[in-house]
Amino acid sequence: MKIVIHGGAGEDSLFLQRHQKEYSNALHEIICKAQELLLKGRSAVEVVREAVVMLEDNPLFNAGRGSALTADGNIEMDAAIMDGSTKSAGGVTLITNARNPIRVADTVRRRSPHMLLGGLGADRFATENGLVTADLDYFITPHQRDFWEQQKQETAVNDHLKGTVGAVAVDLRGNVAAATSTGGITGKRAGRIGDSCIVGAGVYADNDTCAVSGTGDGEILMGELTAFQVANQLNRSAADLQAVCELIVMNASQQRGDVGIIAVSSDGQIGLAFNSERMPRAWIDDNGKACVAIYRQVLK
Ligand code: ASP
């Protein structure tokens, strides 16, 4: 049984520096709750979904509540989930009304013949399936509005918060799963779709290899098929998962941008790699202890 979560790879920001303690406490609490679910025998796919729901509900992270604003000042969220035991996946893109996009993605996976629903159709699917919805005010937090306003005025452009959240797990039966959810990038053009909802780019899971959740510049992860590349490389080289994650991040880094990945293999290895200044993250180590880190060094 193993689980890893992340809160997005990107540049450092004043907001993150000021709220480091809250980030680290939130990650610690969420990883412990997710570990408990796994120990109770819940499946990997259920646990990654619930871990991402907790991250989406927390306004500190750029997913669900606290999503980044588009150029027009709206919210357009992407999410996807994949179960490595069946290789079934579900995703949503440009969704605007669901409190937890990852629940909608999982409902697409379980209750529809499709893999990816977008825009108005995704919003309607969420409502028709009785998933909890909210209006724009719920999603927009003061700090994301500030980043958006700063970006519009082209002042303090450094202090925007890219991000995404994700979780990967292997359960007591050795099944793996991955889930990723995001508000995308501050000031993105309306209609822009990132990697988080694309199977093989920002999310991938296969019991024969591993489960992967990606973050960073979506245009790079889509072009490199980053999540799939981790599984493919692990399969071909039989190297350890951490070495594979580092290699894939290094290769993607040639595109000059931020890339981060977390991964868990069905034999219980974990991998964490990023080329950016920070990637808030948490995992359970081999002794069952919760570990948290934001920058390079491990905090607890
Ligand atoms: N990958 C996300 C996107 O491009 C953003 C992020 O992870 O920071 O939408």
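Just so you know, ligand 1 is whichever comes first in the structure, and atom 1 is the first atom listed for that ligand.
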J.: Kindly give the heavy-atom pair with the smallest separation between Val259 and Val249, and that separation in Å.
T.: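 Scanning both residues, the minimum pair turns out to be O-CG1, 4.0 Å.
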J.: Which word best sums up how the rings of Tyr23 and Phe15 line up, parallel for under 30°, tilted for 30 to 60°, or perpendicular for over 60°?
T.: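 Answer is perpendicular, since the angle exceeds 60°.
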J.: May I ask you to decide whether Glu50 forms a salt bridge with Arg103, counting only side-chain N to carboxylate O separations under 4.0 Å?
T.: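 Counted as a salt bridge, because a side-chain N and a carboxylate O are separated by less than 4.0 Å.
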J.: Ligand 1: which protein N/O atoms lie under 3.5 Å from its N/O atoms?
T.:
unit_1	atom_1	unit_2	atom_2	d
ligand 1	1 (N)	Asp195	OD1	2.6
ligand 1	1 (N)	Gly216	O	2.7
ligand 1	4 (O)	Arg192	NH1	3.3
ligand 1	4 (O)	Arg192	NH2	2.8
ligand 1	4 (O)	Asp195	OD1	3.3
ligand 1	4 (O)	Gly218	N	3.0
ligand 1	7 (O)	Gly163	O	3.4
ligand 1	7 (O)	Thr164	OG1	2.6
ligand 1	7 (O)	Thr215	OG1	2.7
ligand 1	7 (O)	Gly216	N	2.8
ligand 1	7 (O)	Gly216	O	3.3
ligand 1	8 (O)	Gly163	N	3.0
ligand 1	8 (O)	Gly163	O	2.9
ligand 1	9 (O)	Arg192	NH1	2.8

J.: With Glu219 as reference, evaluate Arg192, Lys188, Arg256 under the salt bridge (Lys or Arg N to Asp or Glu O under 4.0 Å) test and give the passing residue.
T.: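 By the salt bridge (Lys or Arg N to Asp or Glu O under 4.0 Å) criterion, Glu219 pairs with just one of Arg192, Lys188, Arg256: Arg192.
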J.: So, for Ser237 and Val244, which heavy atoms are closest and what is the spacing to 0.1 Å?
T.: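 Answer, listing the atom of Ser237 first, then Val244: OG-CG2, 4.1 Å.
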J.: Could Arg49 and Asp106 be called an ion pair, given the rule that one side-chain N must be under 4.0 Å from one carboxylate O?
T.: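 Between Asp106 and Arg49 there is a salt bridge, with a charged N closer than 4.0 Å to a carboxylate O.
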